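In what follows, a single structure is set out as structure tokens and then discussed.
Since the model is a prediction, treat every value here as computed from it, not as a measurement.
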Amino acid sequence: MDFSKLAELLFPKSTSTPEEIEARFPVRTLPENACVTRIGPSPTGFVHLGNLYNAVIGERIAHQSGGVFYLRIEDTDSKREVEGAVETLIRAMNYFGVSFDEGAAADGDNGIYGPYRQSRRREIYHVFAKKLVREGLAYPCFLTEDEINAIREQQTANKENPGIYGKYAEKSRSLTIEQIKENIDAGMEWVLRYRGVMTDEYISVEDAVRGRLEMPGNNMDFVLLKSDGIPTYHFAHVVDDHLMRSTHVIRGEEWISSLPMHIELFNALGWKAPIYCHTATLMKLENGGKRKLSKRKDPELALSYYQQEGISPDAVWEFLLTLLNSNYEEWRIAHPEADYREFPYSFKEMSISGALVDMDKLKSISKDVIGRMSAQRIYDEWLGWCRQYNEKFAGLITKYPEKTLAAINVGRNAAKPRKDIESWKQACDFMSFYYDETFTLCDEMSEQCSDEALRKAFFAKYIESYCHDDDQAVWFDKVKAITEKLGFAVKPKDFKKNPDQYKGSIVHITNMLRIALTGRANAPDIREVSHVLGEETVRMRLDMWK
RNA sequence: GGCCCGUUGGUCAAGAGGUCAAGACAUCGCCCUUUCACGGCGGGGACAUGGGUUCGAUUCCCGUACGGGUCACCA
């Protein structure tokens with residue numbers, strides 16, 4: 001068979017040479033050891049945690065080495081593509097603080113290695129497809145779906161591996177050029193298949209996170225180009241990551257099993273394969289077992305979930321970093337004030353088994369992250385979130401900017417600052433008592449204070465003696481005096497020792513006060529809160545009880 | 001089913017051929033404290049399993065079980 005003739009027959013319109021294409025994608029000039037990484041999401045409209053997970057790795061690896069991190073849209077499956085998905089994806093990545101040096105952008109492309117949407121690189125793939133045909137490494141296949149199904153059934157019955165390979169590929173492989181031309185002229189659809197070689201040899205690949213991976217070499221005649229001329233993932237990956245000069249391919253572990261195909265393709269095209277980094281799958285705990293996060297059942301898989309919940313992007317990053325690099329938490333403890341970008345990310349510290357998405361852990365990290373933020377930053381980020389998800393609260397924040405800032409600062413400047421806020425959504429709930437518009441009574445007063453006469457007596461006395469400008473000591477002395485007068489223990493320990501001698505302790509009294517002022521038992525220091533509320537509000541809330 | 005990957009407390013995890021198997025989250029107790037937090041101290045809780053190799057294995061090898069992935073003209 002004259003393969004050159006076949007190549008011309010199959011790709012008459014493809015006139016560029018591989019060399020010309022190579023010249024269009026020059027080797028990058030970068031510092032030594034700089035890494036070039038990317039994410040290659042499919043525009044399905046659903047942006048999930050896994051996308052961010054791999055983006056975090058790629059971004060860190062590239063940027064900490066002075067390299068390049070880019071976005072490539074893998075839209076080779078038109079059936080799954082959703083309108084506007086690319087914009088959604090870019091917006092989500094931006095929201096979570098992932099910045100690309102180059103790649104697909106909402107309004108086109110940014111960078112010279114484009115196009116960055118695979119659907120627009122058809123001609124490029126065809127040049128290399130044609131080269132493979134010319135070298136006898138690829139051939140057109142006219143097998144119909146039914147024929148393939150029939151083969152698979154036969155293979156299943158014979159307990160053989162399913163697929164088009166070896167003798168099962170003979171029918172298509174042995175077509176003469178005349179027969180191929182006839183088929184094409186008759187309008188038959190065809191795909192381009194790689195000509196696999198039956199082999200017992202194993203391939204050995206050094207994975208950056210898993211170490212040496214050994215598996216049987218490829219013998220499949222897998223599809224390179226689909227009948228619409230668009231490449232499969234396998235072919236597009238090899239061509240693009242070579243031309244775009246990726247040094248590291250970071251992707252989920254579900255790709256490990258197709259690694260032999262990719263290695264074979266790199267070899268066939270005479271290219272050096274990138275360093276592969278197969279990451280662990282994100283898992284979820286259910287009924288005592290772990291399972292892969294599912295798009296349908298688990299809202300927390302969607303990136304939008306974290307946005308809606310108001311988890312700060314920084315917290316999500318830190319959470320992912322603790323999952324990704326086992327020494328991250330240690331590093332954070334040693335460098336409490338450092339930016340997470342200063343952390344030296346390493347493949348060596350990556351976990352191989354599937355990590356569980358643990359909301360408790362996320363919340364704990366989030367409290368720390370927000371605890372470290374400046375009040376102004378909290379204000380800005382919280383307000384930004386409210387503008388999108390809680391208009392009413394956005395209104396309150398902007399209506400009372402100073403009060404809000406003061407409220408955020410309550411208890412934060414102490415030696416052991418409070419960590420009350422775990423998300424912007426929860427902040428709206430936690431901070432609601434500061435505003436008259438949202439103030440509500442959430443908690444009941446303790447039973448020691450259930451007596452109405454006692455309650456009235458306390459509030460009457462408190463209001464009477466209340467002086468807004470009292471300092472902490474004077475103010476608390478007054479509280480103690482009233483406590484004593486009402487027959488409550490001033491020292492909680494005294495009450496603990498002799499519960500019969502008192503009606504209760506100062507704990508119950510302050511708890512009553514706190515609920516009156518904030519509507520809840522869980523709130524920061526009463527006097528500090530009072531000063532944020534202002535005298536008028538304080539008196540108003542107290543008057544309700546006298 | 002074939003092939004591949006994995007298995008240390010509830011979760012994330014460190015770990016070396018050989019003292020009581022780190023740490024974090026969660027949980028419980030105590031302390032601090034005018035509440036709640038924050039913080040501090042402490043408790044409970046783990047090397048899937050059977051064989052080897054070895055003086056000795058959680059660590060190395062083989063098998064088994066379990067979990068996961070993949071076997072498309074989807075990525």
Side-chain angles (χ1 to χ4, degrees), chain A residues 40-44 74-77 79-80 118 141 143 145 148 152 155-156 159-164 189-193 207 210 213-216 220 222-234 236-237 251-260 278 280-281 283 285 288-292 319 322-323 325-330 332-333 349 351-365 367 371 411-412 414-420 443 446 475-476 479-480 483 490-492 505-515 518 520-527:
Chain A
S42 299
T44 60
E74 312 220 326
D75 55 352
T76 53
D77 185 10
K79 288 189 288 296
R80 297 207 312 177
Q118 291 181 327
C141 169
L143 253 28
E145 207 180 320
I148 292 174
R152 193 186 353 262
Q155 289 167 327
T156 317
K159 294 194 171 155
E160 291 174 313
N161 283 339
I164 305 300
E189 294 211 317
W190 56 277
V191 299
L192 190 73
R193 282 185 190 274
D207 185 287
R210 285 157 196 269
L213 249 30
E214 299 198 10
M215 47 215 314
M220 289 285 169
F222 57 89
V223 173
L224 262 17
L225 295 177
K226 298 183 262 188
S227 56
D228 57 4
I230 299 288
T232 55
Y233 169 85
H234 311 297
H237 149 55
R251 46 145 69 154
E253 64 182 329
E254 66 270 22
W255 290 110
I256 292 179
S257 35
S258 31
L259 198 50
H278 289 100
T281 314
M283 310 290 277
L285 195 67
K290 271 192 196 178
R291 55 151 243 260
K292 193 179 177 181
F319 175 64
T322 62
L323 286 186
N325 257 202
S326 50
N327 56 335
Y328 182 77
E329 288 191 271
E330 265 172 50
R332 174 48 83 197
I333 290 165
E349 305 293 340
S351 166
I352 292 174
S353 51
L356 203 96
V357 176
D358 182 349
M359 286 299 153
D360 282 335
K361 183 86 180 178
L362 209 206
K363 282 177 185 168
S364 163
I365 289 171
K367 279 184 181 180
R412 294 185 85 246
K416 297 174 197 162
R418 300 178 63 91
K419 295 176 188 170
D420 290 319
D443 293 323
S446 60
W475 168 78
F476 195 50
V479 174
K480 283 199 274 195
T483 302
V490 170
K491 289 185 179 165
S505 83
I506 194 163
V507 169
H508 303 115
I509 296 292
T510 49
N511 173 266
M512 171 163 58
L513 226 195
R514 186 183 310 272
I515 289 176
T518 68
R520 60 190 67 201
N522 177 2
D525 183 81
I526 293 172
R527 192 181 157 278

Phosphate oxygens OP1/OP2 of [N]: is one of them under 4.0 Å from a side-chain N or O of [X]?
X: A:K226; N: B:C74; answer: yes
X: A:R193; N: B:C73; answer: yes
X: A:K419; N: B:G39; answer: yes
X: A:T76; N: B:A75; answer: yes
X: A:S326; N: B:A14; answer: yes

Check: Passes salt bridge (Lys or Arg N to Asp or Glu O under 4.0 Å), A:R80 versus A:D77? Steps please.
Finding: CA-CA 6 Å; A:R80 297 207 312 177; A:D77 185 10; 3.7 Å; yes
Taking [atom1] from [X] and [atom2] from [N], how many angstroms apart are they, rounded to a whole number?
X: A:Y328; N: B:C25; atom1: OH; atom2: P; value: 14 Å
X: A:L259; N: B:U70; atom1: CG; atom2: P; value: 15 Å
X: A:H278; N: B:C5; atom1: NE2; atom2: P; value: 12 Å
X: A:I515; N: B:U34; atom1: CD1; atom2: P; value: 18 Å
X: A:I256; N: B:A75; atom1: CD1; atom2: C1'; value: 16 Å
X: A:L225; N: B:C74; atom1: CG; atom2: P; value: 11 Å
X: A:K480; N: B:U33; atom1: NZ; atom2: P; value: 12 Å
X: A:N511; N: B:U35; atom1: CG; atom2: P; value: 10 Å

Span that lies between the [atom1] atom of [M] and that of [N], in whole angstrom:
N: B:G43; M: B:U7; atom1: C1'; answer: 28 Å
N: B:G50; M: B:G9; atom1: C1'; answer: 23 Å
N: B:A57; M: B:G52; atom1: P; answer: 11 Å
N: B:G69; M: B:C73; atom1: C1'; answer: 22 Å
N: B:U58; M: B:A75; atom1: C1'; answer: 39 Å
N: B:A48; M: B:C32; atom1: C1'; answer: 43 Å
N: B:U53; M: B:C61; atom1: C1'; answer: 7 Å
N: B:G39; M: B:G44; atom1: C1'; answer: 22 Å

What does [X] touch in the nucleic acid at a heavy-atom separation under 4.0 angstrom: a base, only the sugar-phosphate, or nothing?
X: A:W190; value: nothing
X: A:D228; value: nothing
X: A:E214; value: sugar-phosphate
X: A:S42; value: sugar-phosphate
X: A:R152; value: sugar-phosphate
X: A:V507; value: sugar-phosphate
X: A:I164; value: nothing

Candidates [options] - which lies nearest the side chain of [X]:
X: A:R80; options: B:C5, B:C4, B:A75; value: B:A75
X: A:L213; options: B:C5, B:A22, B:U34; value: B:C5
X: A:V191; options: B:C5, B:C4, B:C73; value: B:C73
X: A:F476; options: B:A75, B:G2, B:U34; value: B:U34
X: A:I333; options: B:A24, B:A26, B:C4; value: B:A24
X: A:E329; options: B:C73, B:C38, B:A24; value: B:A24
X: A:E253; options: B:C5, B:G1, B:U34; value: B:C5
X: A:D358; options: B:C25, B:A75, B:C5; value: B:C25
X: A:T232; options: B:U34, B:A75, B:G69; value: B:A75
X: A:D77; options: B:C74, B:U35, B:C12; value: B:C74

Next item on the list: Kindly say whether, by distance alone, the side chain of A:R210 makes a donor-acceptor pair under 3.5 Å with the base of B:C5?
Entry: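 There is none.
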Note to self: Between the base of B:C12 and the side chain of A:T322, is one N or O donor paired with an acceptor at under 3.5 angstrom?
What the structure shows: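 Side chain to base: no pair present.
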Notebook entry, point to check: Looking only at atom types and distance, does a side-chain atom of A:K226 sit under 3.5 Å from a main-chain N or O of A:T76, one as donor and one as acceptor?
Noted result: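 Yes, A:K226 side chain to A:T76 backbone: donor-acceptor pair under 3.5 Å.
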Margin query: Looking at A:T232 and A:V223, would you say the former's side chain and the latter's main chain have a donor-acceptor pair under 3.5 Å?
Written below: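 Judged by distance alone, yes, a pair lies under 3.5 Å.
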Next item on the list: Evaluate the criterion salt bridge (Lys or Arg N to Asp or Glu O under 4.0 Å) for residue pair A:R152 and A:E145; output intermediate values, then yes/no.
Entry: CA-CA 10 Å; A:R152 193 186 353 262; A:E145 207 180 320; over 6 Å; no
Checklist line | Worked verdict on A:H278 versus A:R210 for side chain to side chain contact (heavy atoms under 4.5 Å, CB included) | finding: CA-CA 7 Å; A:H278 289 100; A:R210 285 157 196 269; 3.7 Å; yes
Notebook entry, point to check: Between A:S227 and A:V191, what is the shortest heavy-atom contact and its length?
Noted result: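 So the two residues come closest at N-CG1, 3.7 Å.
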Next item on the list: Assign each of A:S257 and A:D525 to its nearest nucleotide of RNA chain B by heavy atoms, then name whichever residue's nucleotide is nearer the 5' end.
Entry: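 In this pair, the answer is A:D525.
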Check: In terms of the nearest nucleotide of RNA chain B, which residue is placed more toward the 5' end: A:S227 or A:I506?
Finding: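 Between the two, 5'-proximity favours A:I506.
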Notebook entry, point to check: Tell me, do A:Q155 and A:N161 make a side-chain contact under 4.5 Å, heavy atoms counted?
Noted result: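 A side-chain contact is absent here, since even the closest heavy-atom pair is not under 4.5 Å.
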Margin query: Any non-hydrogen side-chain atom of A:P162 less than 4.5 Å from a side-chain atom of A:T156?
Written below: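 No. Closest side-chain heavy atoms not under 4.5 Å.
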Next item on the list: Give the intermediate values and the outcome of side chain to side chain contact (heavy atoms under 4.5 Å, CB included) for residues A:R193 and A:I164.
Entry: CA-CA 9 Å; A:R193 282 185 190 274; A:I164 305 300; 3.6 Å; yes
Checklist line | Per-nucleotide pairing state of RNA chain B [Watson-Crick or G-U, under 3.5 Å; [ ] pseudoknot-crossing; | other strand] | finding: (((((((..(((.....[....))).(((((.......)))))....(((((..]....))))))))))))....
Check: Should A:D420 and A:R418 be marked as a salt bridge (Lys or Arg N to Asp or Glu O under 4.0 Å) after you check the CA-CA gap, both sets of side-chain angles, and the distance that decides it?
Finding: CA-CA 6 Å; A:D420 290 319; A:R418 300 178 63 91; 2.7 Å; yes
Check: A:I526 and A:T510: side chain to side chain contact (heavy atoms under 4.5 Å, CB included), yes or no, with the steps?
Finding: CA-CA 8 Å; A:I526 293 172; A:T510 49; 4.1 Å; yes
